[in-house]
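The next block holds one structure in the form of structure tokens; read it before the comments.
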Amino acid sequence: MPFKRPAPLEASSSNLSSPSDSHLEDIEGPSKRSKISLPTKVLPDIKLYVIQAKLSSPRIAELFTLAEKHCQKLCNDIDEADVVVTAISMRRRLERHMSWEVATTKAVVTPEWTLPCDCEETDYGSTQSPVAYPSSSASAASGSPRQRKASHGKIPPLDLSAEIRVEVPSHLLPPRDPVPTNLERLTYTSRYACQRASPLLCPNQELALELDIIRRSRALEGEERSALSYARAISTVKAYPHRIKSVSQVQRLPHLGAKISGLVEEFLDKGQISEARDIMTSERFKTLTDFSSVYGIGPHTARRLFDLGLRTFDDLEVYYGVDPAEVDTELMELEHEENHPGWKGRKAAQQQDDFDESWIKIALGLRADLSKKIPRDEVDEISKVVMHELEIIEPGCVSTIVGGYRRGKPESNDADIVFTHSDGPKVKGLCKRLVRQLHKQGMVSHVMHLSSFHGHNPLRTTHWDSLEKALTVFTLPKSSSLYTGTRRRLDLIFADPNVYWCAVVGWSGSIMFQRDLRQWANDKCGIKFDSSGITRRYDSKPFYPGTEKEVFDLLGLEWVDPTWRNTDV
Ligand code: ATP
Ligand code: MG
Ligand code: MN
């Protein structure tokens with residue numbers, strides 16, 4: 001990058017950003033302090049290179065002026081520099097300006113590394129002098145930029161034992177002011193659920209619940225297409241903002257064809273739908289519903305068990321030979337999905353069916369706990385406890401609680417948390433490390449699924465994403481004020497910082513909202529979207545939205561807050 005001295009103070013900052021920085025990546029630097037100075041007493045004769053990207057023009061001018069004033073040598077060539085000052089916090093972006101190999105021979109520091117004028121002494125390991133790429137146990141082997149420099153001894157050795165505050169870039173944190181949903185720009189007549197506002201409870205909730213009985217029955221019977229038609233109709237009803245008084249009100253709405261309009265009419269007449277009532281009283285529906293509520297039993301297995309004459313959970317326990325004493329002691333092997341004894345491939349898991357019988361046996365033993373709903377304060381507590389353990393093994397991670405909790409559900413069936421770290425490479429393998437740590441602390445007792453990262457594949461057609469994730473059984477520690485000993489389902493999802501917001505959107509649900517987001521992206525934008533990334537179809541170019549709203553912006557969609565994404569009952 002050419003060494004360009006900006007005109008002091010009045011130049012606009014826009015002409016300083018690197019041409020390769022797209023509008024999405026142009027994230028404001030971490031500090032706007034106006035008063036800065038360079039350390040003069042302890043670093044005589046150092047050669048300084050300032051990477052201008054992400055620094056405002058006045059800030060660059062100020063850095064240059066102070067460097068000159070204190071006889072610091074500013075150099076044109078990054079290779080010659082002892083110290084590289086940069087506001088870039090991601091390795092991938094830094095590598096646009098210098099190779100990582102070169103970076104590991106320099107002290108790479110953030111502008112905050114510069115000190116107040118009146119400071120006599122400096123401690124480069126202190127939290128007051130952030131280093132852009134702090135060393136950690138993970139990077140120690142290869143040598144982080146800062147650590148390598150210390151061993152060269154050109155600048156005072158760093159106190160590597162000192163606590164390092166890992167700066168979390170602001171774009172990975174939730175926005176300080178939540179983005180309001182402009183309900184007037186969302187339209188309940190859209191064919192796509194992602195363009196409609198769907199509250200947790202809608203004015204026609206009873207109708208949606210009645211239709212959902214038929215949907216569930218179709219799904220349990222393996223009639224997927226029919227189940228999907230009902231799911232679509234339900235999502236339309238969920239977004240309709242008025243109480244339905246006559247069928248003519250809704251007849252022209254999307255996904256409400258003649259058949260379902262007839263059912264709506266019947267509901268308006270009688271306050272119920274006879275087919276739904278019949279289903280509710282059928283022994284088959286009740287049994288299939290019970291059986292498929294056991295983790296690992298999908299509709300196909302449930303029907304097979306029913307056909308064998310099994311009807312109750314007791315029947316299942318006998319059939320699978322459940323010994324309640326065994327359940328408490330068993331821990332699933334933490335292996336990659338391919339090697340997992342209970343893992344029969346992605347397709348099987350996608351259908352939540354066909355699991356190895358040993359899983360079903362364990363899930364049956366855990367059924368009493370896992371069928372209990374989790375209140376919101378307990379989800380908060382689980383997240384807090386997990387973050388505490390994660391901080392121990394990898395400082396500086398950020399997370400968002402997703403799933404039904406984020407959509408405002410008062411109670412959830414499980415807790416879902418998405419994690420990342422601003423230093424992308426640190427995310428790799430972290431899911432497994434966290435699961436091990438939680439297991440060591442006695443919190444994770446079972447791992448139903450543990451998958452490693454695979455590159456985002458734009459040709460992939462299945463719903464499952466390629467993020468690192470662990471589907472686990474978790475118990476709060478006894479030290480927690482909310483400890484009851486109840487085991488809970490906990491899903492942990494790890495995403496690279498570039499796709500963090502895609503993962504947050506994807507895992508926030510609900511199902512039909514996600515389905516239509518993918519459909520919209522495909523139909524209208526020629527883009528493949530899922531929780532592991534956004535890729536343009538024709539050239540596989542990936543996009544890296546810097547906030548959750550940017551995911552919507554990229555897809556040309558109006559922002560919909562998670563609490564308006566309740567497209568399912
Ligand atoms: P609850 O947990 O209370 O039943 P929920 O909406 O949180 O409700 P989950 O099954 O936890 O339901 O799923 C949360 C969201 O994560 C879903 O809406 C779905 O979009 C997404 N999701 C779940 N499993 C996967 C997966 N394997 N791959 C990608 N996305 C998934
Ligand atoms: Mg959930
Ligand atoms: Mn989940």
Side-chain angles (χ1 to χ4, degrees), residues 181-280 282 285 289 299 404 407-409 463 508-524 555-558 560-569:
T181 306
N182 188 344
L183 293 176
E184 285 176 4
R185 300 188 64 146
L186 296 170
T187 162
Y188 61 83
T189 55
S190 169
R191 290 193 62 74
Y192 295 90
C194 52
Q195 285 193 312
R196 307 192 292 251
S198 313
L200 194 58
L201 297 174
C202 70
N204 303 286
Q205 193 68 20
E206 302 86 351
L207 169 62
L209 286 166
E210 197 78 345
L211 291 171
D212 195 54
I213 294 168
I214 308 179
R215 180 196 66 80
R216 285 190 282 132
S217 166
R218 299 290 195 272
L220 287 168
E221 296 300 349
E223 296 163 27
E224 286 304 327
R225 286 179 72 90
S226 175
L228 184 58
S229 299
Y230 280 93
R232 289 202 180 289
I234 290 162
S235 72
T236 299
V237 170
K238 281 297 304 268
Y240 189 65
H242 315 289
R243 179 93 182 167
I244 302 171
K245 299 215 174 84
S246 99
V247 75
S248 60
Q249 260 176 285
V250 294
Q251 246 160 358
R252 274 198 289 274
L253 291 181
H255 313 302
L256 294 183
K259 168 90 205 277
I260 292 178
S261 292
L263 298 177
V264 173
E265 198 160 16
E266 186 188 345
F267 182 83
L268 294 176
D269 278 354
K270 302 187 191 148
Q272 59 183 37
I273 299 172
S274 54
E275 187 179 351
R277 294 299 103 201
D278 291 346
I279 290 169
M280 282 302 276
S282 104
F285 178 73
T289 301
R407 301 196 308 277
K409 273 170 75 169
H463 168 59
S508 292
S510 58
I511 305 251
M512 193 51 71
F513 193 90
Q514 298 310 312
R515 201 186 172 95
D516 278 0
L517 259 187
R518 291 197 300 277
Q519 196 72 52
W520 169 274
N522 185 61
D523 297 352
K524 307 284 179 184
L555 299 175
L557 283 168
E558 195 60 36
V560 183
D561 185 82
T563 52
W564 290 103
R565 298 181 202 163
N566 287 289
T567 53
D568 310 325
V569 294

So, D516 and R191, do they make that salt bridge, N to O below 4.0 Å?
->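 Looking at R191 together with D516, the answer is no, because their closest N to O distance does not fall below 4.0 Å.
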
Taking only Lys NZ, Arg NE, NH1 and NH2, and the carboxylate oxygens of Asp or Glu, determine whether E206 and R243 approach each other closer than 4.0 Å.
->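 Yes.
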
Using modelled atom types and a 3.5 Å cut-off, is there a donor and acceptor pairing between side-chain atoms of [X] and backbone atoms of [Y]?
{"X": "S510", "Y": "R565", "value": "yes"}
{"X": "W520", "Y": "L555", "value": "yes"}
{"X": "N204", "Y": "I244", "value": "yes"}
{"X": "S217", "Y": "I213", "value": "no"}
{"X": "T567", "Y": "F513", "value": "yes"}
{"X": "S229", "Y": "R225", "value": "yes"}
{"X": "Q195", "Y": "S190", "value": "no"}
{"X": "N566", "Y": "R407", "value": "yes"}
{"X": "Q205", "Y": "C202", "value": "yes"}
{"X": "K238", "Y": "A208", "value": "no"}

Side-chain heavy-atom pair [X], [Y] within 4.5 angstrom cut-off:
{"X": "Q272", "Y": "E266", "result": "no"}
{"X": "I234", "Y": "D568", "result": "no"}
{"X": "L183", "Y": "W564", "result": "yes"}
{"X": "V569", "Y": "L211", "result": "no"}
{"X": "Y192", "Y": "D523", "result": "yes"}

Going by the side-chain contact (heavy atoms from CB on, under 4.5 Å) test, name the single residue among L186, T187, T236, V560 that passes it with R196.
->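 The residue from L186, T187, T236, V560 that satisfies side-chain contact (heavy atoms from CB on, under 4.5 Å) with R196 turns out to be T236.
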
CA sep, side-chain torsions, deciding dist, call: R515, L228, side-chain contact (heavy atoms from CB on, under 4.5 Å) = CA-CA 11 Å; R515 201 186 172 95; L228 184 58; 3.4 Å; yes

Tell me the closest heavy-atom pair linking [X] and [Y], and the distance in Å.
{"X": "L253", "Y": "T189", "answer": "CD2-CG2, 4.0 Å"}
{"X": "A227", "Y": "A219", "answer": "CB-N, 3.8 Å"}
{"X": "S246", "Y": "S248", "answer": "OG-OG, 2.7 Å"}
{"X": "Q514", "Y": "G509", "answer": "NE2-O, 3.1 Å"}
{"X": "F267", "Y": "L207", "answer": "CZ-N, 3.5 Å"}

Working for side-chain contact (heavy atoms from CB on, under 4.5 Å), residues I214 and L263 = CA-CA 11 Å; I214 308 179; L263 298 177; 4.0 Å; yes

CZ on R216 to CE on M280, rounded to 0.5 Å =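 One finds 6.5 Å between CE of M280 and CZ of R216.
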
How many angstroms lie between CD1 in I511 and OG in S235, if you round to the nearest 0.5 Å?
->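 Going from the CD1 atom of I511 to the OG atom of S235 covers 12.0 Å.
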
Exceeds 12 heavy-atom contacts within 6.0 angstrom, atom CZ of R277 |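 Result for CZ/R277: enclosed.
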
